[in-house]
**Q** 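The following block contains the structure, expressed as structure tokens.
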Amino acid sequence: MTDLLRPSVVVAILFFTAAARAVPASGKLGYNELIQPILAENCFNCHGPDSASRKAKLRLDRFEFATKARGDGDLPPAIVPGDPGRSPLMERLRTTDPEEVMPPPETHKRLRPDEIALLERWIKEGAGYEEHWSLIAPRAVSVPDVPLARGWSRNPIDAFVVQRLAPAGLAPAREEMPARLFRRAALDITGLAPTPADIAAFEADRAPGAYERAVDRMLSSDTAAEHSARLWLDAVRYADTHGIHIDNYRSIWPYRDWVIDAFRRNLPFDQFTVEQMAGDLLPRASLDQRVASGYNRCLSTTSEGGAIAEEYEAIYAKDRVETMSTVWLGLTTGCAACHDHKFDPVSQKDFYALAAFFRNNTMPAMDGNRHDTPPTLFVPAPADREAWQEVQSHIAEWRGRIEGRAKEAETDFEAWLSSGPRLMSPPINRTVVGYEALLGQEAPDAPSASEGPYGPAERIDGRDRVAGAAVPWLRGMSSSAGLFVHAEGKANGPLISCREEGDNGVGWEVFLEDGKIGIYIADGTGRVKVRNVGLPLPTGQWSHVLVAFDTASVRSRTVEVFVGGKMAVNSTVSAFLPTDIRPSVPVRIGARAPAPGAQPAMLAGATVWGQDFRVYSRGFQADDLKVFGGELEAMAALKTASDKRTAAQKRQLRAHFLQSIDLPTQALSRELDPFLAREDTLRFRGGLTLVMEEKKDSEPFAHILNRGEYNQLGEKVAANTPTVLPPLAADLPRNRLGLAKWLVAPENPLTARVTANRIWQQFFGAGLVESAGDFGVTGSRPSHPELLDWLALRFRESGWDQRALARLIVTSATYRQSAAATPALLEKDPANRLLARGPRHRLDAEQLRDQALAASGLLVSRLGGKPVRPYQPEGIWEDVAMKESTTRFYQPDAGESLYRRSLYTLWKRTAPPPAMDILNAPSREVSCVRRDRTNTPLQALVTLNDPVFVESSRQLAARALAEARSIDARLDHVTLRLLGRKLGAAERPVVRRTLERALGTYRDDPAAAARLLTVGESPVPAGLAQPELAAWTLVASQILNLDESLTK
Amino acid sequence: MTILPPDWHDTFSSYNAALTRRQFFRRSGTGLGVAALASLLGPRALGADEVPAALAEPWRIAPKAKRAIYISLIGAPSQLELFDYKPHLETRFKEDLKDWLKGQGERLTGMTARQTSFPLAPSRFKFAQHGKSGMWISELLPNIARMADDICVIKSMQTDAINHEPANQLVYTGSMQNGKASLGSWLAYGLGSMNRDLPAFVVLHAKHSSPFSNVQAISARLWGSGFLPGKHAGVSFRPSGDPVLYLNDTPGIPRELRREMLDGLEQLNRRSYESLGDPDIQTRTQQYEMAFRMQASIPELADLSKEPDSIYALYGEEARVRGTFASSALMARRLVERGVRFVQIFHRGWDQHGSLPRDISAQCKDVDQACYALVQDLKQRGMLDDTLIIWGGEFGRTVYCQGALTETNYGRDHHPRCFSIWMAGGGIKGGTVHGETDEMSYNVVRDPVHIRDLHATILQLMGLHHEKLAFKFQGLDQRLTGVLPAKVVQGILA
């Protein structure tokens, strides 16, 4: 699949396999090595494990079936062990009769003569079968004692490698130059190139073990944790949107941060497994363990209007089984969703028994297009953990006191009730940032309609009433504004307005149109211009109108206007408003800011009163709005004769009394308020995350789905593990926790191998088993089976220590070899499967971006947090998104968020970050344990022109200019950061020539220099000559685009 | 024999170019492997500067078309309003189909499953017969109707999916599951490129004018490469900004300076190659060169301003506005003219659950004239004979109304059992109607065409055997048409 290796693959198939899989001249042929690949390729499709597609009732994948008499026992077996002449199999392979020949002509498959000869010899030798290699538990192997290894070897890996090199006529390569080796290790371990300081420290350490010490430093760094986490996130298909249909934002980044932290702590892989698969089911599960269970929530989900819940529940279970199988077992079990697996011994029943583990949870089939599809958990930021607990206890304490006061206040309440009471406006608390009482004249002739909840109300129609400073709607904040309104008839015009007059005016407004509530929003650039009209405002009665804008961490939704607690109209603009709304005029009640010299537009057509206008620094949910309804109910209750009041009315009055009248309660509330404010702050810094939760009242089960179709229910099966693998221990629960423990049980032949192989792949670019997600019959064979087993056992016996395994690999002589290829080597082993040289391949998308940012000094190295939005060309989201999606408009962040490591970039599944996509990052829709690695012109355009690469080049150039004087020293500054070395004497003139040409160009055309320097948000340092900086920017970009920069 | 990927010669020739240019490897040192490949390749491609002829892959058959344009109407246009004329339904206005539907055994989507009645909604649009065949076409498509003799309408399309996401995946990737390769990437993989400076598969996103309808999302999985190598994925030409992402050089970098910078890059990369011998270094340098050429060729391609007025008269004035369907159609012609193998135009906004008459009228207006223009334009350039055009959505719509039914207004829900598409150009028998539906436009009664059959037919017309065009993934020979039987629709072939 890797284009990088394309030509090599071709040659490898022709020449390498023969060398690697040499047919022994004497001794028995190995079934797994030589025979099974031929049978799997040509026969198993019709004569394999899948009973549904099996032809002629013949099964060739196991000895007992292949050698059994057929028909009613009167036909000879297909294979007669020891006697190829009497084995019909041989006859059918050799015949030229199109009716008889196998495989049948329509399959377009044909065995080569040498393959037929192998089968013949194998039958002659007794047709011995073996279990598929990966299903046999790893065997303890002794490290080979190879003569060549003694001088070269640094650890056992090398002995295994040399053992394979010698018969192929190959010898290990020389050790890589220290600087290059150090850069390679840094990129593989941390994802970033070493800094000049790292290089200096490494070079200064002359004592033996300098490299190992440097490796240890890097392995325990936070950057290494981020890099390992990023690779894991590919495997578990982590993303920040739901993925299907509307593809709204989902809040699950605390899970991503958990993964990073797990690597920081070097959490043993068995525990890493159990906490993700079933953290919620652990006894006394900690907050972190429950966050880890978010692994189960990473899948794509839908809420499409017509979607059928049962269908998606089947899809989700399949997705989870496939991901678990790919990542832990290296098995492509998904094939068995519709039929028994064609090649691997996984039956359809096995598949649904696995699916059962994932079908007993409380996650709804439809995600509701919410960012917080339940079950969820609030997670304070790591630094706030203690503060959060503390604040919670304070809040509980003060709430307790307030409740205590409520119990004691009954006498005072009764006294108030009998004193001819009036309602009072609730106290101003921390979230009220603007307030106008709107109290009118207490005129004797005032109509009774004008009597508001808190006394005579103010007329708001036909007058220009300024009610406070401009209320901007900015991303990441919340804001609401509301008041009580009473209209006699259907009015027209602004109700709450904070917009400039005119078609291009900026701002927002709640208006009435023929008595109906409307919302208007415009950002002044034309990108956002909304005018929607919704439900009518009730007439002849008081109701509460509130407009809520809420894009803070807690909710993602549109701007909504509530009337009487019900949504009357919304904006349909995504909560992630593409642009901030920054009105320059104050907020008005009943009028709109006038154009210069003009009269303001005013509410007209009916008499309208308003009262108690408040602007809040918070959003509201329907529940919160009950408080306003309660006030209106209390108002009605007061008008009811005291002996006619219902219990509910009395309750409302009591609530009002406590909140607005009772001084002791208010004093206590004032004490509580700072803690609530503190909680708000902490809540904003933390986040909600999706977690897993088991249904408590049922046992996991699933139905076999015929042909995989959700509505074709077959046999009901209980949760269980595949029959071909060691059974789930009797003492393990039949749920995800049991499954997780089974995955990492010592009997499991696959997990340790598959994981060790994936870690190997991180360093060598390809696993010992190239198909890292498929250890099945049709997957690739291990290039070094004994080494793989040795690593797997060592990994497990080390306590599943991922860091130790990485260290072992990086400190091996094998890894430390030079990557240089000679013609002879390229010919013998183009894909480097035998490891006679060091690894070399293009960096991953994220590494390229991170490296550019790091080299320039722009990289902001902060761990974790909400996803960020760096630069991205316009329209990427809009071109594909639905109108109602919260990820429709992409507005880049400002400041630090532009320069975070790429694993923090907000990942929208239906439109991934385009530069990452071009550079082969997966879409994160399905599990990916091995990235494609292409080499295309579009990739060249990214690293040449994507603003982040241009801006990084500029900053790198600026630092080189500021910190060094001579051309050579400046060049060293650039190349040390990107290549980890200084240029050689022959290379310097090439770059100098580019520099001189660029200097010439920019001195002649300073305007062009100025244009180049405007790319990117970071400021251009003062004091540097623009033509010079521009020319050096071009040079830095040239170095950045070198194959050597882009490659490890 | 090992099947070589169709693109192997590209990488090979870069490898080979490195050999000859730098003399890094002595000829004798290249060994049997390279020699064997060279003999397979033949002399033409060796060192030749043109795109080498494709190898005789086992899946190649004689093509009828060299290139194709797929006009993808996302949201599913109603067959009842466009091609599937059911005049007798007019007398059954509002008839409740509730009982009749029970006999159909069809699942209903979550949107109408709870409706208490299912009133029959006849189309309120007029149909007339057109062309020599007398095919019925709706008044909504007056221009397409004018070319009735050029097109073949299939009224008996069938799909398995009832919702947009899976249905779109089925039409455009052959499977309702994620991770499969798109139709265009299969064509690029199977046929290779015809132009060194442009991608083989280009995707255009056309703006739609109806502001009302339900606008379904689309995503890169519809033009992705799935399990095929990533370079076969469709390249989006964008309606705004750079036509290809990051194509335009950063402001302030004049072309000559870019050239100078790339020359230096080439020299330094060559030094790396000399010391490391990694053929990928040479490939990378070549990709930078191709990027440089694309920077020249694509803006020329994307600049529609030089097209004569007669072309704008044909496509309509809105073709002058970038991103419209008309301009996308014109762009499609320019792309195939320059050797792009497959162009896919996505036009969203066809999901008319309510206010169907108003919305479908607006949508048809977007595409009608430009579709006619595209076919006629190809014809006048002598390209229609070897360019295949496909026009259609992902499923059909129900004969019964979703929501309130009035004399003038109605909506229709999703319907997978039948829908209409049309095809034209290379290998297609124009002026024909294929397949028939029952009186309710509910079931196919003659010549059903499953999505798989459509795929098999498209592949055959393009010169690919649908059973042989395969890619090994997860141990299986993956095919666009999957594992169930698929047949080439003989009845529509010229």
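Below, chains carry the letters A, B, ... as their sequence lines are ordered, and counting in each starts from 1.
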**Q** Considering only heavy atoms from C-beta outward, does the side chain of B:Y246 approach that of A:T943 to under 4.5 Å?
**A**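 B:Y246 vs A:T943: side chains apart.
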**Q** I need the B:N163 CG to A:H245 NE2 distance, nearest 0.5 Å.
**A**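 Output value for this atom pair is 7.5 Å.
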**Q** Counting only non-hydrogen atoms closer than 4.5 Å, does A:S923 touch chain B with its backbone (N, CA, C, O), its side chain (CB onward), both, or neither?
**A**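 A:S923 has no heavy atom closer than 4.5 Å to chain B.
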**Q** Using non-hydrogen atoms only, which part of A:V942 is less than 4.5 Å away from chain B: side chain, backbone, both, or neither?
**A**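 Both the backbone and the side chain of A:V942 come within 4.5 Å of chain B.
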**Q** Can you confirm whether A:I918 sits close enough to B:L245 that some side-chain heavy atom of one is under 4.5 Å from a side-chain heavy atom of the other?
**A** yes
**Q** Ion pair present between B:R271 and A:E1044, side-chain N to carboxylate O less than 4.0 angstrom?
**A** no
**Q** Just wondering, do B:Y273 and A:D1043 contact through their side chains at under 4.5 Å, heavy atoms?
**A** no
**Q** Is there side-chain contact between B:F292 and A:P937, with heavy atoms separated by less than 4.5 Å?
**A** no
**Q** Please determine whether a side-chain nitrogen of the Lys or Arg among B:D477 and A:K109 lies less than 4.0 Å from a carboxylate oxygen of the Asp or Glu.
**A** yes
**Q** Between atom CE of B:M261 and atom CZ of A:R993, what is the distance when rounded to the nearest 0.5 Å?
**A**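 Rounded to the nearest 0.5 Å, the CE-CZ separation comes to 14.5 Å.
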**Q** So which residue, A:S300, A:G776, A:G305, A:G875, ends up with the most heavy-atom pairs under 4.5 Å with chain B?
**A** A:G305
**Q** Just verifying a value: how many Å separate B:Q287 CD and A:T936 OG1, rounded to the nearest 0.5 Å?
**A** 6.5 Å
**Q** Please report the interatomic distance CG(B:D278) to CZ(A:R840), rounded to the nearest 0.5 Å.
**A** 5.0 Å
**Q** At a heavy-atom separation under 4.5 Å, does A:T1047 approach chain B through its side chain, its backbone, both, or neither?
**A**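 Only the side chain of A:T1047 comes within 4.5 Å of chain B.
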**Q** Nearest 0.5 Å, please: how far is CG in A:L1042 from CD in B:E266?
**A** 11.5 Å
**Q** Counting heavy-atom pairs under 4.5 Å with chain B, which one of A:E987, A:E874, A:R837, A:E925 comes out on top?
**A**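 When all of A:E987, A:E874, A:R837, A:E925 are compared, A:E925 has the most.
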**Q** Would you name the heavy atoms of B:R348 and A:M882 that are closest together and state the gap between them?
**A** NH1-N, 4.3 Å
**Q** Give the intermediate values and the outcome of side chain to side chain contact (heavy atoms under 4.5 Å, CB included) for residues A:E41 and B:K472.
**A** CA-CA 10 Å; A:E41 169 70 27; B:K472 199 79 148 173; 2.9 Å; yes
**Q** For the candidates B:V244, B:D413, B:I253, which exhibits the highest count of non-hydrogen atom pairs separated by less than 4.5 Å from chain A?
**A**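 Of B:V244, B:D413, B:I253, B:I253 has the most heavy-atom pairs under 4.5 Å with chain A.
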**Q** Tell me, out of B:K207, B:R293, B:E467, B:M290, who's got the most heavy-atom pairs with chain A below 4.5 Å.
**A**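 Looking at each of B:K207, B:R293, B:E467, B:M290 in turn, B:M290 comes out on top.
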**Q** Work out which heavy atom in A:Y1002 is nearest to a heavy atom in B:G252; give both atom names and the distance.
**A**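 Answer, listing the atom of A:Y1002 first, then B:G252: OH-O, 2.6 Å.
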**Q** Please state whether the side chain, the backbone, both or neither of A:A915 comes within less than 4.5 Å of a heavy atom of chain B.
**A**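 Contact with chain B is through both the backbone and side chain of A:A915.
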**Q** Within the 4.5 Å heavy-atom criterion, are B:D242 and A:L941 side-chain neighbours or not?
**A** no
**Q** Between B:Q295 and chain A, which part of the residue has a heavy atom less than 4.5 Å away: side chain, backbone, both or neither?
**A**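 When you check distances to chain A, only side chain atoms of B:Q295 fall under 4.5 Å.
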**Q** Please name the pair of heavy atoms, one in B:R258 and one in A:N945, separated by the smallest distance, quoted to 0.1 Å.
**A**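 Shortest heavy-atom separation between B:R258 and A:N945 comes out as NH2-OD1, 2.9 Å.
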**Q** Ignoring hydrogens and angles, tell me if any N or O in the side chain of B:E165 forms a donor-acceptor pair with the backbone of A:I244 under 3.5 Å.
**A** no
**Q** In terms of heavy-atom proximity below 4.5 Å to chain A, should B:N248 be classed as side chain, backbone, both, or neither?
**A**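 Contact with chain A is through the backbone of B:N248 alone.
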**Q** Got a salt bridge between B:E256 and A:R997, using NZ or NE/NH1/NH2 to carboxylate O under 4.0 Å?
**A**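 Looking at B:E256 and A:R997, the cut-off is not met.
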**Q** Against chain A, label B:T250 side chain, backbone, both or neither, depending on which of its atoms sit under 4.5 Å from a heavy atom there.
**A** both
**Q** Give the member of A:V777, A:I876, A:V1015 that has the highest number of heavy-atom pairs under 4.5 Å with chain B.
**A**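 Highest number of pairs under 4.5 Å: A:I876.
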**Q** Under 4.5 Å heavy-atom distance to chain B, tell me which part of A:V1035 shows up: side chain, backbone, both or neither.
**A** neither
**Q** If I measure from the heavy atoms of chain B, does A:R180 come under 4.5 Å with its side chain, its backbone, both, or neither?
**A**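 Side chain only.
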**Q** Quick one: which of A:K908, A:E304, A:E311 has the most heavy-atom pairs under 4.5 Å with chain B, could you say?
**A** A:E304
**Q** Find out whether B:R284 and A:L1046 are in side-chain contact, i.e. whether some heavy atom of one side chain is under 4.5 Å from a heavy atom of the other.
**A**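 With C-beta onward as the side chain, the pair touches.
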**Q** Please classify the contact of A:E878 with chain B as side chain, backbone, both or neither, using a heavy-atom distance under 4.5 Å.
**A**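 For A:E878, backbone heavy atoms alone lie under 4.5 Å from chain B.
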**Q** With respect to chain B, which residue among A:A307, A:A911, A:A1007 yields the maximal number of heavy-atom pairs within a distance under 4.5 Å?
**A** A:A307
**Q** How far apart are the closest heavy atoms of A:D932 and B:L228, and which atoms are they?
**A**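 Minimum heavy-atom contact is OD2-O, 4.2 Å.
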**Q** Indicate yes or no: at least one non-hydrogen side-chain atom of A:H841 is less than 4.5 angstrom from one of B:D280.
**A**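 Not in contact.
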**Q** With a 4.5 angstrom heavy-atom cut-off, is it the side chain or the backbone of A:L938 that approaches chain B, or both, or neither?
**A**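 The side chain, not the backbone.
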**Q** Chain B: which of A:V926, A:T1001, A:N920 shares the most heavy-atom pairs with it under 4.5 Å?
**A**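 Most heavy-atom pairs within the cutoff with chain B belong to A:T1001.
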**Q** Taking only residues two or more places apart in sequence, or in another chain, which ones meet A:N45 in a side-chain hydrogen bond (donor to acceptor under 3.5 Å, both in side chains)?
**A** none
**Q** Which heavy atom in A:L826 sits nearest to a heavy atom in B:G277, and how many Å separate them?
**A** CD1-O, 3.4 Å
**Q** For B:S275 versus A:A820, what's the shortest heavy-atom pair and its separation?
**A**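 Nearest heavy atoms, B:S275 then A:A820: O-CB, 3.6 Å.
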**Q** Using a cut-off of under 4.5 Å on heavy-atom pairs, state which of B:E289, B:H205, B:R221 scores highest against chain A.
**A** B:R221
**Q** Heavy-atom pairs under 4.5 Å with chain A - which of B:P251, B:S272, B:P254, B:S225 has more of them than the others?
**A**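 Ranked by heavy-atom pairs under 4.5 Å with chain A, first place is B:P251.
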**Q** If you round to the nearest 0.5 Å, how far is CG of B:L268 from CZ of A:R988?
**A** 11.5 Å
**Q** Quick one: does A:I308's side chain get under 4.5 Å of B:I162's, heavy atoms only?
**A** yes
